[in-house]
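Notes for the one structure printed next.
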Number of protein chains: 2
Amino acid sequence: MAFLTACKLQDPVTIADKLFLDLRRAILEGEIPAGKKISEPELAAAYGVSRGSLREAIGKLENCNLVTRKPNIGARIIGFSTEQLLEIYQIREATEGMAARLAAEHMTAEELVHLRKILERHQAEIAQHQRYSQHDVDLDFHFSIIQGSKNKRLIRMLCQDLYDLVRFYRFRLKSGFSRSEQAFQEHNLIVSAIERRDGEMAETLMRHHIRASRDYACKLLEQMPLSDT
Amino acid sequence: MAFLTACKLQDPVTIADKLFLDLRRAILEGEIPAGKKISEPELAAAYGVSRGSLREAIGKLENCNLVTRKPNIGARIIGFSTEQLLEIYQIREATEGMAARLAAEHMTAEELVHLRKILERHQAEIAQHQRYSQHDVDLDFHFSIIQGSKNKRLIRMLCQDLYDLVRFYRFRLKSGFSRSEQAFQEHNLIVSAIERRDGEMAETLMRHHIRASRDYACKLLEQMPLSDT
DNA sequence: CTTGGTTATAGTGTCGACATTATAGCCGCA
DNA sequence: TGCGGCTATAATGTCGACACTATAACCAAG
């Protein structure tokens, strides 16, 4: 899962950081059900840590938009809604479009080679109908382009905050999610534009790609609405 | 300062929240010098609170990107750099462009009236050469459009996180910052496009506007580089 | 005088306990 | 029986103290 290397905290040193990563994974993978209220004493006991450390970890989760807190009431895991998913797609369209434009300007030759390799992996997995891991390939693709923008703040905004939500939703839609062939073609066009250093075109293509992805997700949601688990 | 009403925590109930707002203001207005390391015991004593509450407040400041923390080392106020300022402009171009597009689709008639009023205020202040408060008018303008997008996550991302940084930099550039007339014309065009419900044009104009603002800031920086205060 | 190691000190991370607030259950009353 | 207020309980907010880490000052050897 190369896309995880984009995150900081690869090797957490403090208890609160370890807890944060543990809880984040548990939330993203549905181990802790969405919308559930967090009981600080309960969770602290379950993980064998103090409430102070737990609160610090919850604070970080709040920054990642994975939990919401209200004063004197407590924290609860975020729920999901079609509305929120559409909001995320709108933000991705704008920011990743810009990222693609910047990547076309700033990506190094080595990074372009890496991008091409991701495409090859993608193609190989399509040939073998490995639709499960396709998600990782897709995330790797988008992460690489974001990294290529060289805009540190943009990278943090997307890789560290927004993409947690993307993974959160993607995990729930995983079952029927297979737009691989079409997505691969679109990825291919984007990379070509970046290789030509055509930032304008790269941005346009990326925005189209994300909009297509959104439309597909919407269709899925109409057939199979999200359930609270 | 109507633009502050866009923030949550209007009336903080908990000590940590009050501290957070206090510290945020102090940082934005340069009361605490940029780049300064934070001593938890010192600050806690200065504000008469416990270190625990202070740490919670610092955590929130970290989410706003106003301080950075390293494990076992501590937190320090962010510094500023031309590079970072350019990064922020790139993000604003993408996200506020999208916000303008969405605002053209979703803004209500009342919100459009409010926008027009802001333009009138802007014009009045130009006539009186009140360049100081022009910044507030400008922030109000951008805040209103962001709010008009009706994308809750986008609103939070911009109003709650990114715009703290905008204010942080704007405070340091305040002295020579007067692009009022030009900015007013651009604002006018944007509002017209939104009134026509022309999202495509609104996005284009907003992106041009922010790019022009960036270019102006760059010129200022060449003449008068940022000093660490 | 410089450099490497050692010790002292200040600071951060962690914890358990107390104060305050929200919530749920219960009782009394209409 | 239904509703309003009260009480008890549990949870969150806050605090002070201890443990561990990084830094700075100091000393000794070259």
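Every chain is numbered from 1 and lettered A, B, ... according to where its sequence line falls, protein lines coming before strand lines. Side-chain atoms are counted along with the backbone in the values below, which use heavy atoms only and exclude waters and symmetry mates.
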Give a yes/no on whether any side-chain N or O of A/Thr14 is located under 4.0 angstrom from OP1 or OP2 of C/dT14. yes
B/Ser53 side chain N/O closer than 4.0 Å to the phosphate oxygens (OP1, OP2) of D/dC15? yes
Between atom CZ in A/Arg69 and atom C1' in D/dA11, what is the gap in whole Å? 12 Å
Donor-acceptor side-chain pairing of B/Tyr216 and B/Arg211 below 3.5 angstrom: no
Starting at CG of A/Asp17 and ending at C1' of C/dG13, how long is that distance when rounded to a whole Å? 11 Å
Establish, yes or no, whether the cationic atom of A/Arg172 lies under 6.0 Å from the six-membered ring centre of A/Phe168 and within 45° of the ring axis. yes
For the atom pair CZ (A/Arg116) and CD1 (A/Ile118), what is the distance rounded to the nearest 0.5 Å? 11.5 Å
Each nucleotide in nucleotides 16-25 of chain C should get exactly one letter: B, S or -. Can you fill that in based on protein heavy atoms under 4.0 Å? -----SS---
Let me know the distance between NZ of A/Lys70 and C1' of D/dA11, rounded to the nearest Å. 16 Å
Between P on C/dT14 and OH on A/Tyr47, what's the gap in Å once rounded to a whole number? 16 Å
Please verify the inter-ring angle class for A/Phe141 with A/His187; under 30° counts as parallel, over 60° as perpendicular, anything in between as tilted. parallel
Does D/dA22 have its OP1 or OP2 closer than 4.0 Å to a side-chain nitrogen or oxygen of B/Lys37? no
Hey, does A/Leu19 reach any base, or is it just sugar-phosphate, or nothing, if we go heavy atoms under 4.0 Å? nothing
Return whichever of A/Ala16 or B/Ser39 has its heavy-atom-nearest nucleotide of DNA chain C closer to the 5' end. B/Ser39
Touch class at under 4.0 angstrom, heavy-atom based, for B/Leu54 against every strand present: nothing
More than 12 heavy atoms from other groups under 6.0 Å of NZ on B/Lys37: yes
Salt bridge (Lys or Arg N to Asp or Glu O under 4.0 Å) partners of A/Glu31, counting only residues at least two apart: A/Arg25
Could you give the CD-to-P distance, from B/Glu42 to C/dA10, as a whole number of Å? 13 Å
Would you mind reading off the distance between A/Arg55 atom CZ and D/dC15 atom C1', rounded to a whole angstrom? 12 Å
Send over the distance from A/Arg76 CZ to D/dT12 P, rounded to a whole Å. 11 Å
Who pairs with A/Glu40 by side-chain hydrogen bond (donor to acceptor under 3.5 Å, both in side chains), at least two apart in sequence or on another chain? A/Arg51, A/Arg55
A/Glu56 CD to D/dT12 P, straight-line distance once rounded to whole Å: 17 Å
